[in-house]
Amino acid sequence: MASPPEPLQVNAQRAALLSPPFLAYHYRIPDTPPAAGFLPGMRVAVPLGNTVRAAVLLPQDAGWDTAAGTALTPPEGIALKPVAWPLERVPLFSAAHLDVLRQLALRQGMLLGQVLASVLPAGLKVADIRYRLQGIPKLRSLRIRDVAAADAALRQTLSRAWEAGAMQPEAAFRETQFCWLSQDPPWPVRPAAVNQLKILEYLWEHGPVPVPVLLAALGDGVRESLRRLVDVGLVRQGLVPPGQQEEEMDPACVLAGAPPPPTLNEEQAAALASLSEALHRWQGETRLLYGVTGSGKTTVYLALARECLRAGRSVVLLAPEIALACNLRSAAAQAFPEAELIFHHGSQTPARREAQFRKLAGRGEGDAPVIVVGARSALFLPLHDLGLIVLDEEHDASFKQEERLPYQAKELGYVMARRFGALLLLGSATPDIKSFHAAQTGALPMAGLTRRHGGAQLPAIEFVDIKGLSSFDQLLAPQTMAMVEETVRRGEQAIILLNRRGYAPAMYCQDCGHVLRCPQCQIGLTYHKGRERMLCHYCGEGVPWPCLCPQCGGISFLPLGEGTQRMEEVLTRHLGRDTTVLRLDRDAARRPGRLEEILSAFARKEAQVLVGTQMLSKGHDFPDVTQVVVADADMGLNLPDFRAAERTFQLLMQVSGRAGRGDKPGRVAIQTRDASHYCFEHLKTHDYQGFFEEELARRKKWRYPPFVKLGLVRVSFPAEWEGHAAALAALAGRSREAGREHGVQVMGPAPAPLPMLQGRKRFHLLFKGEDWSRLRAVFAALKPLQDDTLRLTLDLDPLDMM
DNA sequence: AGCACGCCGACT
DNA sequence: GTCGGCGTGCTC
C-alpha cells in the first residue's frame, strides 16, 4: 500500500523580498541556527539567483497569498534554497504590524514586499552586511555571502556564536553626504557659469539633497562646479542636513508657542473624562475632539497621553506638517520630561530613521512606554504596545500621502487602533465634513471644547468689498490698510494671508496679448523678484527675466495679479521704515532653518507684519497678533473642486484663529467680491455647525461625499500622442459598460482642470458608487488599456481634484 | 535590484 | 573570428 504523500517541506516558510520582484518566495528553514531563531516578522538574508537579498519572514497562514504574490505551498518541481541567516535577533515587525501592512497592501493593490520596502529606512532593506564575530580564532568578521556559502561545520560554529550573542550584524552605515544652499537668491555667480547656476537652481527647488542625487539629476559633469560652490561658501556640504540636529531645532520650537497650561478647565476636564474612559477600554475605538481655535486641544491630548503612558502603553502624536509637529514635540517634552520622546518625520536622514526604527523594534515587554511625535510617516514605526494615536488638525490634506505608497493616515490610524486595541483621537476646530457627519450620526463619538482658553474672545470678523478694486494697484482696500496701520501703531502685530506666492502670477504682453506660459505645463508663469525668473509653480522650471515675447518678440509686459512678494513690497513701502514686514511662503522658507527663523523673529516681535500663504494659518500662537487680513478670500472658492467651500471655510477659520489669542481682542478683515457667499455667512459668526449643515445639504443634493464614495481616475499621455482620441473613446465606452454592470455612475473623460503638466495631457474620469470595491471593479476593467503611453491611476476619495 | 542570456557592431 | 554594447527576462 502506498504511503500517504509526504507533507511538502514542513520547514518551509515564505519570505517577502524587500527588493524587486517583491514577491514572497519559499525558503527552507535551515538547522543552523535552530529553527526557534526564525520568527515571522524577522528580516532574513535569502539567496536569490546568484545574490543574497533581504526579506521578511511571513507567518505560515493562508489568506496572505494575494499580498504575498505567491501561494502558501511552493510550486512543484522547485528545489527550495535555505534561508542564509537572520539579519536580526528580534523580529522587526510584530504580527499585528505585519497584519496592518498586509491590509494596506491589499487595499492599494500592492505586494506586501513593496509596502514593507517603502516603510523601512534604506539601511534596513539591504542584505549587504557583515557579521562581527567574537571568540572564533582567525575570524573577526564575515560577509553575508560567505555565511550563505558556509559549509556545515562553519555553520555549526556560527550558530553557537549567534546563540551566545557573539555574532553581531554590523550596521552598513554608508553615510551619504548632503548638500544645501547657504544663501537665498540672487547668488553672486557670473551668468556664464551655467553649471553652477544649474546646481543653485536645483538646490533652491529641492532643498537639501544627498550629493549622489544631485549628481544623478544634473550629470557627473557638474562635480567640479559643486566643489567650486562649496569652496566659495554658497553651498554647504556635510553628513547631516541642517534642521536635523536635535539642538538646532529646539530654540525655534520653544519660541513658537507658550507651553499649554497644566491645569484643565471644566470643559477640558469633561472631554478628558469621556476620552479617558474610551482609552481604558482598549477596544480600538475612535473619537473626535472638536474644539474651537485656542480652546486648548493640545492640553487635552497631553493629559490623555499621560494616562496612556501611566497605563504602560505608548503614544503617537501626529501633526500634518513638520513645523506643527515641532510645536507638539516641545509641548510633549515639557509635559513628560521623564518619558522617552521620539521625533519622527519623513525628511530625516536615513541613518537617524534607521536608528529610531531599530530602537523601537528592540523594545521588550517590560520596557517603559515611549511617546512618538511626528508627521504621518511616524505611524509606521514599530510600536507593539501602542495605546493612543492622536491626529491633530485631522481635516488637513497632508495626512494623505499620494505618491510611492499611497495611504490616508486617518484610515491607517483607524486600522491600527483596531488591531492594537488603541484609541484613535481626531482633533480639529474645523473637522472634515466626513468626520463631523460621522459624529452627527453617532458613528464617531465626539467630545467638544466651545470656549477659548483663559477667557479669550473669538475675534470680530468684518468683510471688505473689493469688487471695484483694480487688483494690481490696490492689493488692500484703503480701510484694510488703515486697520493694519492702526494695529502697528498700537504696538501690536498683524498677519496678512495671500494664498499665492511670487510677485505677479502672470505677465501679459502689451503688444500681442500673449501671456507667458510654461511650455511643459501650459501654466501661466509667475514672476519672482530677486531671482529674476518667470517660474512654473507646477514643474518648477522657468525662464530668465526679462525676456522677449515668444509670440511677437515684444518687450513690454504688464504684470497682472498679486503675489506675496508684491504684497510684502507694497506694505513695506506704505508702512514706512519703522515697520518691519516679514514674508513666509514656500520660497521664503526654502533654505533649511529659514522657516523657524522667520517664525521666531515674528514671535520675538522683530517684525510687526507677517505676510504669507496658508503656511502661516495653522497652529502658531502669537499672543500679540490682534489683526488678521485675508487679502483675497474668493481665490480658493471658485476652484473646480467640490471641496472648494469646505477648504476655504477651514482655511479662513484657522487663520482667523490666529487673532486675539492673548488678552487683547482680535479683529479679522476678509476682502472679498461676494460677501453673500454661504461660506462667509457662517464664518462671520464662527459657526462651523451652520456651515456644516448647509454644506452637507449641498453634498446630498449633488451626490458627493459623505453620501457617495468618490473615485477619480487620472488619465495622462504625451501631448503629441496621435492615438489619444481613440484611447479616450475606448475609456469612455469601457467605463460606462463596467459602470452599468457594477452600479457605478461614471462621468468623463473630461480635460482635467490643469489640462497639461510636464508635457503630458491630462483627463479625468469620475466614479460615484456605494462602496470602494465597486469603484475598484470599474477601474479594473480599464486597466488593460494602460501602457507606457497611456497612464491610468485610481485615486479613491481624492483630495486634490486638479 | 542584480545577474544571466542573447543578439548585433568595432576591434586586437 | 572575439570582445562588449545594453535590451529582455528570471529569480523559491
Side-chain angles (χ1 to χ4, degrees), chain A residues 5-33 35 37-87 92-93 98 101-102 105 110-130 143-150 155 169 171-174 176 210 212-213 215-217 219-220 350 354 403-405 786-789:
Chain A
E6 284 289 309
L8 279 165
Q9 301 281 353
V10 183
N11 266 345
Q13 218 165 312
R14 274 183 302 184
L17 292 162
L18 295 174
S19 53
F22 295 114
L23 293 162
Y25 282 146
H26 302 86
Y27 289 92
R28 189 162 56 72
I29 300 300
D31 303 329
T32 48
F38 292 97
L39 297 167
M42 176 179 271
R43 289 179 318 128
V44 290
V46 294
L48 185 72
N50 297 338
T51 58
V52 179
R53 310 279 200 90
V56 172
L57 282 178
L58 300 189
Q60 281 171 302
D61 296 350
W64 284 68
D65 298 7
T66 313
T70 54
L72 187 59
T73 46
E76 267 178 70
I78 282 190
L80 298 194
K81 295 179 179 177
V83 175
W85 208 264
L87 287 170
L92 206 51
F93 296 98
L98 224 44
L101 295 173
R102 179 186 64 110
M110 291 167 79
L111 290 166
L112 179 56
Q114 256 170 318
V115 171
L116 290 167
S118 24
V119 161
L120 281 171
L124 296 176
K125 290 189 263 187
V126 291
D128 181 26
I129 64 158
R130 305 178 76 89
R143 284 178 317 184
I144 187 77
R145 279 197 82 94
D146 300 325
V147 175
R155 282 192 75 98
F173 270 133
R174 280 152 297 112
T176 43
V213 169
L215 294 177
D220 256 346
E354 187 177 331
E403 67 278 348
R404 229 160 61 103
L405 198 201
Q786 185 183 24
D787 55 31
D788 291 342
T789 319

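FYI, side chains are in, hydrogens and waters are out, and symmetry mates aren't considered; it's all heavy atoms of this structure. Proteins get letters first, then strands, A, B, ... in listed order; numbering begins at 1 in each. Note that this is a predicted model, so its numbers are computed, not measured.
Side chains of P169(A) and I129(A) form a contact here, defined as non-hydrogen atoms less than 4.5 Å apart. Looking at heavy atoms from C-beta onward, V115(A) lies in side-chain contact with L101(A) at the 4.5 angstrom threshold. Between L112(A) and W64(A) the shortest side-chain heavy-atom distance falls below 4.5 Å. By the 4.5 Å heavy-atom criterion applied to side chains, P30(A) and W85(A) are not counted as neighbours.
The interatomic distance linking L57(A) (CG) with dC12(C) (C1') rounds to 13 Å, in whole Å. Rounded to whole Å, the distance from CZ on R145(A) to P on dA1(B) is 18 Å.
With hydrogens and angles left out, the side-chain atoms of S118(A) and R404(A) include no donor and acceptor closer than 3.5 Å.
Using a 4.0 Å cutoff on non-hydrogen atoms, no part of residues 111-119 of chain A comes near DNA chain C.
Counting non-hydrogen atoms of other residues, nucleotides and ligands closer than 6.0 Å to CG of D31(A) gives a total of 12 or fewer.
Taking every heavy atom of both residues into account, L111(A) and G69(A) meet most closely at CD2-CA, 3.6 Å.
Nearest-nucleotide assignment on DNA chain B puts the 5′-proximal partner with S19(A), out of N50(A) and S19(A).
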Close N or O pairs between protein and nucleotides 5-11 of chain C (under 3.5 Å):
| unit_1 | atom_1 | unit_2 | atom_2 | d |
| --- | --- | --- | --- | --- |
| dT11(C) | O3' | G49(A) | N | 3.4 |

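Residue pairs meeting the salt bridge (Lys or Arg N to Asp or Glu O under 4.0 Å) criterion with at least one partner in residues 12-27 of chain A, sequence neighbours excluded, are R14(A)-D65(A).
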